[in-house]
Amino acid sequence: PKSKKTELQATNVKQIATENKIDIELVCKDDQRPLLDSSAPVVKIDRNTFQKIKIYQPPFLQYLPSSVQPLISRQFQSLKVLKSIPNDQLFYASVFAGSLTEIIRTGLLYPLSTIKSRVQARSSRSTAIKRNKRSLPRKLKVTWLTALHETRRGDLYAGITPSLLVAVPASGVYSGMKEVSRRAFSMAIQIQVFQNLFPGDNDGVAASYGALAASLLAAFVADIAALAIRTPADVLALRLQVFGDKNVKSDFGDWAKDSVALLPAMILTDIPFLLSRIFLNAAITTGGENLGKYEFETIAIACLCAFLTTPFDVARTRILLPTLPSEEEEEESIILQSKEERTRRRLVASSKYREERRQKLSVPITMKRIAAEGNGGVQNLYAGWLERTIFLGVGRAWLDPLRVIGYLGIRDALLLKLFD
């Protein structure tokens, strides 16, 4: 009997840069075909249907010039569906791939996140009049000098431990839930609905809109699941980034209650940026760009979405951070409270202050209150827009295409080899 073996094979770096995608194949070989060649059958993952398929190449393919092999392969290859990948395998592989790529991304970008949070916190405490009088060059100069100051301040990885402990599995859960949900929504959404919206010979348009709708719904469900895990870490990490571990004493007894109370506000302020990026990426990118062009498009889209959704981020930051007391309140607290009580900063008021609690957790009320501060108006809601745009656009989005390529490669390799 033949001794069958398989070997994983990935797209080379040059092809990844040219086609902006990675293909992971399980190349089949046996005793009669000990060497891997272009005519060897391969097993791949169909990323649209999540099926494991085997591709048989014509035997004469290996004798043709490499320049014409792809064209001949597409014309004469035959496919065989081996099996449909179970949801549990798809979920586990996606969770592992998403978690691993998140560790790398967080380790690289966390210092930028710390500087952005500190700069935005300082900007939110400056007067509206000063902010509004600054020209764009002045804002750029102030932002740069503030970033340098915060960099020299050091401790740029403050709060990374709780962030990693929760953000990494949260990212994994997001990836797993998104893939499984997208598969479910793709099966549930009837393309006939979109065919009625786009009558005529527009099956391709209907299919693309159906896929976009499934992606948006899947991202919404996955983001809620991830935020339920990520919110406690985000709360603690942001406080540590801005105030430092010596100036914040978290009430860990009520930490879970605070996180549950804050979850709806976190969802409402996180969803706009996520869904707008997905929609614009689907509308602008074609999937056939090289990696350089795709990087440029991704960064431009991220910058636009970051700017437009800055009011949600400002409201989120204000909701997460404790309200800084006025001078009168500070004097009263010094008289009435002990030092231990003065240094404890609660995020959410206790249940006996229901109206204060409701107003603090309401995103629209928070936005209205921010806009009413000083004479800034709506411009108050764009405090720190430059820092946010630079961080999410230039600082972070450039890594997203590479992260997606790495994620798909790891996920497909696990599905092909581990669950083979």
Leu82 and Ile53: side-chain contact (heavy atoms from CB on, under 4.5 Å), yes or no, with the steps?
CA-CA 5 Å; Leu82 299 180; Ile53 59 175; over 6 Å; no

Please check if atom OH in Tyr92 has more than 12 non-hydrogen atoms from other residues, nucleotides or ligands closer than 6.0 Å.
no

Would you say Tyr157 has more than 12 foreign heavy atoms packed within less than 6.0 Å of its OH?
yes

Salt-bridged, Glu373 to Arg318, with N to O below 4.0 Å?
yes

Taking every heavy atom of Ile85 against every heavy atom of Leu90, the minimum-distance pair comes out as CG2-N, 4.0 Å

Which atoms form the tightest heavy-atom contact between Ser94 and Ser175, and what is the distance?
O-CB, 3.5 Å

Any salt bridge between Asp412 and Lys52, counting N to O under 4.0 Å?
no

When you look at Arg230 and Leu227, which way does the side-chain contact (heavy atoms from CB on, under 4.5 Å) test go after all the steps?
CA-CA 5 Å; Arg230 201 178 71 202; Leu227 283 172; 3.0 Å; yes

Only residue of Asp88, Asn87, Val95 satisfying side chain to side chain contact (heavy atoms under 4.5 Å, CB included) with Phe91 is Val95

If every non-hydrogen atom of Ala219 is compared with every non-hydrogen atom of Ile278, which pair is closest and at what distance?
CB-CD1, 3.3 Å

Does either side chain, that of Arg388 or that of Thr309, offer a donor lying less than 3.5 Å from an acceptor on the other one?
yes

Any Lys54 side-chain heavy atom under 4.5 Å of Leu79 side chain:
no

Within the side chain of Thr366, is there an N or O that forms a donor-acceptor pair under 3.5 Å with the backbone of Ser362?
yes

Just checking, is any N or O donor in the side chain of Ser84 or Arg183 under 3.5 Å from an acceptor N or O on the other one?
yes

Once rounded to the nearest 0.5 Å, what's the spacing between atom OG of Ser276 and atom CG of Leu308?
7.5 Å

Do Ile267 and Asp223 come within less than 4.5 Å of each other through their side chains, counting heavy atoms only?
no

Should Ile405 and Leu291 be marked as a side-chain contact (heavy atoms from CB on, under 4.5 Å) after you check the CA-CA gap, both sets of side-chain angles, and the distance that decides it?
CA-CA 10 Å; Ile405 289 173; Leu291 185 58; 4.1 Å; yes

With a 4.5 Å cut-off on side-chain heavy atoms, are Asp400 and Arg277 touching?
yes

Of the non-hydrogen atoms in Arg47 and Phe50, which two are nearest, and what is the gap between them?
O-CZ, 3.9 Å

Can you see which heavy atom on Ala282 is nearest to which on Leu212, and at what distance?
CB-CD1, 3.6 Å

If you count the non-hydrogen atoms of other residues, nucleotides and ligands that lie under 6.0 Å from CZ in Phe273, is the total more than 12?
yes

For the side chain of Asn380 and the backbone of Ile370, is there at least one donor-acceptor N/O pair under 3.5 Å apart?
yes

Side chain Tyr110, main chain Ala158, donor-acceptor under 3.5 Å:
yes

Any donor and acceptor pair, going by atom type alone, linking the side chain of Thr106 with main-chain N or O of Ile103 inside 3.5 Å?
no

About how many Å separate CZ of Phe220 and OG of Ser215, when rounded to the nearest 0.5 Å?
15.0 Å

Is there a donor-acceptor pair under 3.5 Å between the side chain of Thr269 and the backbone N or O of Met266?
yes

Examine distances only and state if a side-chain atom of Thr101 and a backbone atom of Gly98 form a donor-acceptor pair shorter than 3.5 Å.
yes

Can you tell me how far CD1 of Ile299 sits from CZ of Arg396, rounded to the nearest 0.5 angstrom?
13.5 Å

Are the side chains of Leu280 and Leu304 in contact, using a 4.5 Å heavy-atom criterion?
yes

Derivation of the side-chain contact (heavy atoms from CB on, under 4.5 Å) call for Leu274 and Tyr174:
CA-CA 12 Å; Leu274 174 67; Tyr174 173 83; 3.6 Å; yes

Answer yes or no: are there more than 12 heavy-atom neighbours, outside Tyr382 itself, under 6.0 Å from its atom OH?
yes

So, for Gly393 and Cys303, which heavy atoms are closest and what is the spacing to 0.1 Å?
CA-SG, 3.5 Å

Indicate yes or no: at least one non-hydrogen side-chain atom of Lys44 is less than 4.5 angstrom from one of Ile55.
yes

